[in-house]
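Shown next, in structure tokens, is the structure this report addresses.
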Number of protein chains: 2
Amino acid sequence: MVSIKDVAKKAQVSTATVSHVINETRFVADETKQKVYLAMKDLNYQPNRIARSLRSRKSNTIGLLVPLVAEDTSNFFFMSIANGIEKVLKENGYNLILSNSNEDEVTEKNQIRVFNTQLIDGLVIAPVNGEDSAYNKELTGDYPVVYIDRHPSGVEGDIVLVDNLRGSYEGVRALLNKGYERIGFITGTLGITTSDERLKGYKQALKEKAIPVRKEFIKEGPATFEQGYQLAKELHEAEVTALFVANNVMTMGAVSYLNEHQVKIPEEIGIIGYDDYDWMKITSPPLSVVRQPAFEIGKVAVEQLLKRINGSKEKFAEVMLDAELVQRGSF
Amino acid sequence: MVSIKDVAKKAQVSTATVSHVINETRFVADETKQKVYLAMKDLNYQPNRIARSLRSRKSNTIGLLVPLVAEDTSNFFFMSIANGIEKVLKENGYNLILSNSNEDEVTEKNQIRVFNTQLIDGLVIAPVNGEDSAYNKELTGDYPVVYIDRHPSGVEGDIVLVDNLRGSYEGVRALLNKGYERIGFITGTLGITTSDERLKGYKQALKEKAIPVRKEFIKEGPATFEQGYQLAKELHEAEVTALFVANNVMTMGAVSYLNEHQVKIPEEIGIIGYDDYDWMKITSPPLSVVRQPAFEIGKVAVEQLLKRINGSKEKFAEVMLDAELVQRGSF
DNA sequence: GTGAAAGCGCTAACAG
DNA sequence: CTGTTAGCGCTTTCAC
């Protein structure tokens with residue numbers, strides 16, 4: 001491995017000068033600069049980031065901690081977010097360390113601990129569970145943190161959310177306006193803020209039209225394809241006329257049930273799903289969905305993070321991005 | 001920040017002892033150990049990985065470089081691979097740095113250079129383009145490399161592939177056995193090994209049944225939803241009776257076209273897509289596909305990489321994983 | 001305009 | 001069984 005010393009020797013200057021040439025951190029005479037550039041090229045020198053990090057206490061790396069569940073199909077939503085983050089980061093010369101909490105609190109804490117020893121300059125985290133407010137204690141790391149997607153209760157910090165309440169509210173309201181009244185609601189496990197808020201939106205829309213909220217029309221379960229299938233079945237048997245499904249995986253399960261039992265969409269059942277991916281277009285009719293700006297979440301979150309890293313002391317910001325109802329033909 | 005010195009002082013031992021307690025790298029008396037543990041806990045000490053890496057020339061981090069294209073829907077296949085990698089890595093106490101070449105050669109080289117300065121212990125890469133064999137020169141890093149998914153020509157190294165030829169061969173053969181003869185083939189841009197091999201499989205299956213390969217039945221274009229849609233249109237107009245689509249994004253586009261124009265599947269057109277995700281089940285009828293073991297690719301690749309990192313000097317291995325035809329109702 | 005040298009936090013000889 | 005200490009490759013203060 002060729003080090004800064006080798007370059008200094010070859011260029012007949014001090015290591016300090018080489019360093020300053022590389023980082024443009026003090027004036028160096030043109031002639032000297034050229035010698036250094038030449039030496040670097042000749043030796044094919046690459047500065048060692050680890051050493052640089054150790055000394056300067058800056059790694060140009062940020063961590064991302066997401067809660068993915070299963071092996072394959074689980075959560076495209078977070079992958080889209082990761083994509084947005086990666087893009088902004090690259091534009092700013094930062095690297096991304098990706099980590100997965102598996103939607104499990106213990107794993108999450110462990111991963112945060114790993115990050116604490118790792119010298120990251122900042123962390124973007126989609127917290128496992130809205131209930132646990134132990135983040136501040138855990139995050140003793142002296143790096144800034146931006147929370148995304150879920151709002152951990154009692155945590156102070158920058159946070160980027162999607163307006164979940166309004167997302168499902170608009171969806172359900174659209175169903176109501178079309179004349180549907182027996183509207184079933186399928187959601188992943190309640191207790192995390194996203195699910196809870198989407199349920200609130202559902203209730204609010206009904207209430208506004210003075211339609212009673214019926215417990216038996218609200219179905220909750222782990223966010224899997226199979227559960228989506230099962231809960232759609234139950235609601236179909238309960239003779240709902242429309243279905244609002246509050247996440248993408250369960251949306252697929254529900255559609256699968258309807259197809260398999262030749263329930264006509266939208267004649268027999270209208271349906272609105274959650275999240276917008278290309279595959280929402282390949283059902284017949286194409287699915288109407290509430291679209292979350294996943295890529296945007298990542299982008300906004302990391303922009304905020306970079307601001308903090310660069311020393312911003314503004315008070316904590318809570319950005320609320322809009323969800324959007326994408327009308328296709330399914331209701 | 002609390003350092004090993006602080007711990008040493010508090011525990012009244014030398015830093016060497018602390019280090020050895022942490023790493024279990026030489027015998028330390030039980031009593032001493034306890035003192036050290038206590039001190040570490042009291043001070044909430046976390047070893048600094050950066051310093052450790054600098055000294056020991058080992059980062060416990062591996063890099064992953066994948067070619068993702070668009071913003072959202074692009075490539076779930078690589079995300080699944082990333083998932084597999086992440087899992088194995090975590091089990092082994094390693095971290096993952098994720099990077100994206102955007103399917104662009106220049107970006108790829110830059111990212112590799114970044115990795116070179118980064119002290120990663122190994123790299124998993126899905127190379128951008130099978131043609132360019134400059135990897136060896138570029139990868140001057142002294143870490144092991146495992147290639148996945150695509151075979152860069154003229155590169156020596158460990159590699160994990162899927163049997164693409166056989167995958168499409170089996171698919172097309174199944175179509176032929178069902179009696180389809182006018183079989184259209186839709187593929188992403190040719191010139192990368194995966195596409196080329198899938199095309200070969202198509203041709204081979206036809207040849208075996210003595211069915212002439214007709215140029216006008218083979219459609220190539222960038223792997224996008226829109227292209228899939230467009231090429232399906234062209235083939236439909238060319239009156240094919242079946243469609244084999246060689247990647248997941250174009251599969252969605254093709255299905256979308258067929259739905260939109262009420263082309264009955266499989267009565268008017270049989271179809272087999274590529275890659276197996278839950279959303280292949282929500283068309284009616286559910287789609288038959290060639291399934292690639294994405295998660296497995298990641299797993300196998302990183303296992304091989306870890307072997308190398310741990311000093312394995314076996315000669316380079318080329319692992320070829322099987323693709324599998326998943327029969328549903330679309331042909 | 002540039003250089004000398006300290007030191008980031010750790011590991012690993014070497015020494016006892 | 002444990003301690004002393006050099007040094008990983010870099011940045012940065014102080015000095016000239």
Side-chain angles (χ1 to χ4, degrees), chain A residues 1-37 39-40 43-61 114-121 140-143, chain B residues 1-37 39-40 43-61 114-121 140-143:
Chain A
M1 154 143 278
V2 22
S3 84
I4 200 171
K5 266 192 189 166
D6 303 313
V7 177
K9 195 182 294 175
K10 178 132 193 161
Q12 318 232 50
V13 298
S14 72
T15 60
T17 299
V18 177
S19 173
H20 284 123
V21 169
I22 292 168
N23 302 300
E24 305 188 312
T25 164
R26 82 175 177 197
F27 186 86
V28 176
D30 252 359
E31 206 185 345
T32 320
K33 260 192 207 161
Q34 294 313 323
K35 282 196 297 184
V36 173
Y37 285 138
M40 292 202 295
L43 298 172
N44 188 25
Y45 169 70
Q46 308 275 67
N48 178 323
R49 284 190 169 225
I50 297 287
R52 178 179 290 178
S53 296
L54 179 59
R55 182 60 230 247
S56 63
R57 316 197 126 296
K58 178 121 180 41
S59 62
N60 271 271
T61 300
V114 170
F115 278 134
N116 285 343
T117 72
Q118 185 95 16
L119 192 45
I120 52 173
D121 295 340
T140 50
D142 46 354
Y143 44 80
Chain B
M1 154 146 279
V2 23
S3 84
I4 201 171
K5 265 192 189 165
D6 303 314
V7 177
K9 195 182 294 174
K10 176 135 197 160
Q12 318 234 51
V13 298
S14 72
T15 61
T17 299
V18 177
S19 174
H20 284 122
V21 169
I22 293 168
N23 302 301
E24 304 189 313
T25 166
R26 85 178 174 194
F27 186 89
V28 176
D30 252 359
E31 205 185 346
T32 319
K33 258 192 209 164
Q34 294 313 323
K35 284 196 296 184
V36 173
Y37 284 139
M40 292 202 295
L43 299 172
N44 189 24
Y45 170 70
Q46 308 276 65
N48 179 323
R49 287 191 167 223
I50 297 286
R52 178 181 290 176
S53 295
L54 179 60
R55 181 61 229 245
S56 63
R57 316 199 126 294
K58 179 122 180 39
S59 62
N60 269 273
T61 300
V114 170
F115 279 133
N116 286 343
T117 72
Q118 186 95 14
L119 191 46
I120 53 174
D121 295 339
T140 48
D142 45 355
Y143 46 80

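The model shown is predicted, which means the values in this text are computed figures rather than measured ones. Here is how names work: the chains are called A, B, and so on, in the same order as the sequence lines, proteins then strands, and each is numbered from 1.
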For [X] and [N], what is the distance between atoms [atom1] and [atom2] respectively, to the nearest whole Å?
| X | N | atom1 | atom2 | result |
| --- | --- | --- | --- | --- |
| R49(B) | dC8(C) | CZ | C1' | 18 Å |
| N48(B) | dG9(C) | CG | C1' | 6 Å |
| K9(A) | dA4(C) | NZ | C1' | 16 Å |
| E24(A) | dT2(C) | CD | C1' | 18 Å |
| F27(A) | dG1(C) | CZ | P | 5 Å |
| D6(B) | dG9(C) | CG | P | 8 Å |
| R55(A) | dC10(C) | CZ | P | 16 Å |
| I50(B) | dG7(C) | CD1 | C1' | 16 Å |

Q. So does K58(A) have more than 12 non-hydrogen atoms from other groups sitting under 6.0 Å from NZ?
A. yes
Any non-hydrogen side-chain atom of [X] less than 4.5 Å from a side-chain atom of [Y]?
| X | Y | answer |
| --- | --- | --- |
| T17(B) | H20(B) | no |
| V7(A) | L43(A) | yes |
| V36(A) | M40(A) | yes |
| Y37(B) | V21(B) | yes |
| N48(B) | S3(B) | no |

**Q.** Contact residues, residues 14-22 of chain A to DNA chain C [heavy atom, < 4.0 Å]
**A.** S14(A), T15(A), A16(A), T17(A)
**Q.** 5' to 3' contact window, DNA chain D with chain A (heavy-atom distance under 4.0 Å)
**A.** dG9(D) to dC14(D)
Which distance, rounded to the nearest 0.5 Å, do you find between the [atom1] of [X] and the [atom2] of [Y]?
| X | Y | atom1 | atom2 | result |
| --- | --- | --- | --- | --- |
| K5(A) | K9(A) | NZ | NZ | 8.0 Å |
| K10(A) | Q12(A) | NZ | CD | 10.5 Å |
| T61(A) | I50(B) | OG1 | CD1 | 7.5 Å |

(Q) Is there a side chain to side chain contact (heavy atoms under 4.5 Å, CB included) between V114(A) and R49(B)? Walk through the geometry before answering. (A) CA-CA 9 Å; V114(A) 170; R49(B) 287 191 167 223; 4.0 Å; yes
Q) Taking the nucleotide of DNA chain D with the closest heavy atom to each, which residue, Q12(B) or R57(B), is nearer the 5' end? A) Q12(B)
Q. When you measure from the side chain of T32(A), which nucleotide among dT2(C), dT11(C), dC10(C) comes out closest?
A. dT2(C)
Q) Contact class for R26(B) (heavy atom, under 4.0 Å): base, sugar-phosphate, or nothing? A) base
Q) If you take all heavy atoms of A8(A) and T15(A), which pair is closest and at what distance? A) CB-N, 3.7 Å
Q: For S56(B) and R52(B), indicate whether the former's side chain and the latter's backbone hold a donor-acceptor pair under 3.5 Å.
A: yes
**Q.** Terminal axes of the helix from dG1(C)-dC16(D) to dG16(C)-dC1(D) (five pairs each): angle between them, nearest 10 degrees
**A.** 40°
Q: Taking only the side-chain nitrogens and oxygens of N23(B), find out if one of them lies under 4.0 Å from OP1 or OP2 of dT11(C).
A: yes
